[in-house]
Amino acid sequence: MITMEDIIREGHPTLRKVAEEVQFPLSQADIDLGHEMLEFLQNSQDPVKAEELHLRGGVGLAAPQLDISKRIIALHVPSNDPENPEPTLSTVMYNPKILSHSVQDACLGEGEGCLSVDREVPGYVVRHARITLTYYDENGKKQKKRLKNYEAIVVQHEIDHLNGVMFYDHINEGNPFALKEGVLVIE
Ligand SMILES: CNC(=O)c1cccc(C)c1Nc1nc(N2CCN(c3ccccc3Cl)CC2)nc(N2CSC[C@H]2C(=O)NC)n1
Ligand code: NI
């Protein structure tokens with residue numbers, strides 16, 4: 001089971017590498033890894049398990065954060081609608097690729113955090129507001145998804161990890177809270 005000890009922190013060279021595409025059919029190891037990554041996110045969001053296992057909460061995780069330089073990401077985004085508790089996005093993506101994106105940009109109003117960064121880095125992380133991406137699921141089936149708002153932000157953050165990019169690379173040095181006209185601030 002993945003815990004915080006398995007997550008490498010900024011400064012570790014693997015976080016700055018471009019990860020390798022996975023080959024199909026997937027090895028059982030790559031399928032199991034995907035399940036473990038998803039299980040970590042679910043555990044990290046469970047108050048009892050997170051406390052017991054000392055997990056930081058996360059909604060996304062990328063294989064390079066486990067020192068595995070492969071193009072695998074896991075997402076487990078809870079719904080914020082108490083009526084409908086089903087997570088809005090819960091999946092493992094192999095070789096995810098952004099096909100197209102909106103002209104409009106967006107950022108999280110509270111900035112971004114990362115399980116590999118043990119410090120607060122204030123500032124807006126400006127990303128695409130909407131993306132169209134493809135990825136392969138664990139059965140090797142090509143999937144296509146259009147995402148917006150929080151889900152789009154999270155997937156872009158995790159795909160960045162596959163390209164050796166950290167969220168703070170996007171923060172404006174001069175003015176971390178600089179915002180151009182038309183950028184959607186997601187609260
Ligand atoms: C500096 N200010 C901030 O961090 C920040 C500050 C306030 C609000 C937000 C919204 C912020 N930003 C931010 N908050 C999150 N979480 C909120 C808490 N949550 C969570 C925690 C515990 C249980 C269940 C859950 Cl659901 C887990 C997810 N996650 C991300 N990111 C950036 S994209 C990938 C994603 C990620 O999983 N990071 C580890 N950013
Ligand atoms: Ni991260």
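Here the structure is a predicted model, which means the values were calculated and not measured. Atoms within each ligand, like the ligands themselves, are counted from 1 in listed order. For the numbers below, each heavy atom of this structure counts, side chains included, while hydrogens, waters and symmetry mates do not.
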Does E158 have a non-hydrogen atom less than 4.0 Å from ligand 1? yes

For N163, check side chain to side chain donor-acceptor pair (under 3.5 Å) against everything at least two apart and list the hits. R71

Kindly confirm or rule out an N or O of [X] lying under 3.5 angstrom from an N or O of ligand 1.
X: V154; result: no
X: I153; result: no
X: P78; result: no

Residues Q28 and D32: side-chain donor-acceptor under 3.5 angstrom: yes

Are V117 and L108 linked, directly or through other ILVMFWY residues, by side chains that come within less than 4.5 angstrom of each other? no

With a 4.5 Å cut-off on side-chain heavy-atom distances among I, L, V, M, F, W and Y, is there a chain of contacts connecting L115 to V155? no

Check the Ni ion (ligand 2) and write out every protein N, O or S atom at under 2.8 Å, as residue and atom. C114 SG, H157 NE2, H161 NE2

What is the closest protein heavy atom to [atom], and at what distance does it sit?
atom: atom 17 (C) of ligand 1; answer: Y150 OH, 4.3 Å
atom: atom 40 (N) of ligand 1; answer: G113 N, 3.3 Å
atom: atom 6 (C) of ligand 1; answer: E110 CB, 3.6 Å
atom: atom 11 (C) of ligand 1; answer: G111 O, 3.6 Å
atom: atom 25 (C) of ligand 1; answer: Q45 CG, 4.0 Å
atom: atom 35 (C) of ligand 1; answer: V59 CG2, 3.7 Å

Are any of the side-chain heavy atoms of [X] and [Y] separated by less than 4.5 Å?
X: P64; Y: K17; value: no
X: T91; Y: Y135; value: yes
X: V59; Y: Q45; value: yes

Electrostatic pair D30:K70 at N-O distance under 4.0 angstrom: yes

When you check the gap from the basic side-chain N to the acidic O, do K142 and D137 get nearer than 4.0 Å? no

Are any non-hydrogen protein atoms located under 4.0 Å from atom 21 (C) of ligand 1? yes

Using every non-hydrogen atom in the two residues, find where C114 and Q65 come nearest and quote the distance to one decimal. SG-NE2, 3.7 Å

Numbered atoms and elements of ligand 1 in range of E120, under 4.0 angstrom, heavy atoms: 1 (C)

Using a strict 4.0 Å cut-off to heavy atoms of G57, name the atoms of ligand 1 that fall inside it. 21 (C), 22 (C), 27 (C), 39 (C)

Give the C-alpha distance, both sets of side-chain angles, the deciding distance and a yes or no for side chain to side chain donor-acceptor pair (under 3.5 Å) between H35 and E138. CA-CA 10 Å; H35 294 164; E138 67 178 23; 2.6 Å; yes

Apply side chain to side chain donor-acceptor pair (under 3.5 Å) to the pair E5 and T3, showing each step before the final yes or no. CA-CA 5 Å; E5 289 71 56; T3 61; 2.8 Å; yes

